[in-house]
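These values consider heavy atoms only, across backbone and side chains, with no hydrogens, waters or symmetry-generated copies. For the single chain, residues carry numbers from 1 onward in sequence order.
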Amino acid sequence: LPQEWMDDGGINEKLFKNLPIWHIALISIIVGFTEELLFRSAVQSLLGIILTSLLFTLIHFRYLEKWILLLFTFMISLGLGYLAVYFEWFTAFIAHVFIDFLQGVLIRKGWISFS
């Protein structure tokens with residue numbers, strides 16, 4: 001995809017580029033736990049998978065002007081929602097941590113860029 005489609009304003013690079021790997025892991029665990037506990041364990045039981053995924057996507061507001069990042073975030077959220085339904089929210093938490101950690105490490109190593 002063209003680089004301008006993937007540009008998130010450099011926030012992920014600013015966050016992860018100079019962090020030690022263990023910091024990336026810790027951030028991934030904290031963010032994954034809190035987001036999945038809130039969205040899959042609480043909100044999803046009230047709104048269902050699709051509305052929860054829309055809300056989850058909207059909180060990632062830095063992607064609102066980049067339709068491909070918005071679509072990726074929504075699709076990942078749908079996947080996490082279905083994981084929570086079929087395998088409990090803890091599985092969605094593990095997947096979320098893996099996604100964030102992998103992205104953070106790839107950015108840290110300079111193997112991917114979103115700016």
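To the nearest 0.5 Å, atom CG of residue Leu106 and atom CG of residue Asn12 are 11.5 Å apart. Remark: Phe98 CZ to Leu102 CG distance equals 5.0 Å, nearest 0.5 Å. Distance check: Arg108 CZ to Glu13 CD gives 13.0 Å after rounding to the nearest 0.5 Å. Taking CD from Gln103 and CD1 from Ile24, the interatomic distance works out to 10.0 Å, rounded to the nearest 0.5 Å. The OG1 atom of Thr73 sits 6.0 Å away from the NE2 atom of His60 when rounded to the nearest 0.5 Å. The structure places CG of Leu83 at 6.5 Å from OG1 of Thr91, a figure rounded to the nearest 0.5 Å.
The two atoms that bring Ala84 and Gln44 nearest to each other are CB-NE2, 4.1 Å, heavy atoms only. Pairing each heavy atom of Glu35 with each of His96, the nearest pair is OE1-CE1, 2.7 Å. Of all heavy-atom pairs spanning Asp100 and Ser28, the tightest one is C-OG, 3.5 Å.
Look at Glu36 and Arg40 and you find a salt bridge, because one of the NZ, NE, NH1 or NH2 atoms lies within 4.0 Å of a carboxylate O, short of that distance.
Leu38 and Val85 end up in the same hydrophobic cluster when Ile, Leu, Val, Met, Phe, Trp and Tyr side chains are linked at under 4.5 Å. Placement of Ile29 and Phe16 in two distinct hydrophobic clusters is found when ILVMFWY residues are connected by side-chain heavy-atom separations under 4.5 Å, directly or transitively. The hydrophobic cluster containing Met75 also contains Leu51, counting ILVMFWY residues as joined when their side-chain heavy atoms lie under 4.5 angstrom apart, directly or transitively. A continuous path of Ile, Leu, Val, Met, Phe, Trp and Tyr side chains, each step under 4.5 Å between heavy atoms, connects Phe72 with Leu55, placing both in one hydrophobic cluster. Follow the hydrophobic side-chain contacts under 4.5 Å out from Ile99 and you reach Ile59 in the same cluster.
At least one donor-acceptor pair under 3.5 Å links the side chain of Thr34 to the backbone N or O of Val31.
Side-chain atoms of Leu58 and Leu64, non-hydrogen and from C-beta on, do get closer than 4.5 Å to each other. Side-chain contact between Ile76 and Leu80 is present, with at least one heavy-atom pair separated by less than 4.5 Å.
The number of heavy-atom neighbours closer than 6.0 Å to OH of Tyr82, taken from other residues, nucleotides and ligands shown, is 12 or below.
Listed by chain and residue number, nothing satisfies the ring-ring contact (aromatic ring centres under 6.0 Å, His included) test with Phe101 (two or more places apart in sequence, or in another chain). Partners of Trp111 according to the ring-ring contact (aromatic ring centres under 6.0 Å, His included) rule, which considers only residues two or more places apart in sequence or in another chain, do not exist here.
For the ring-ring contact (aromatic ring centres under 6.0 Å, His included) condition, the pairs that include at least one residue of residues 23-44, sequence neighbours left out, are Phe33-Trp89, Phe33-Phe93, Phe39-Phe56.
Here the options are Ile50, Thr57, Leu54, Thr52, the test is side-chain contact (heavy atoms from CB on, under 4.5 Å), and the partner is Leu78; only Ile50 passes.
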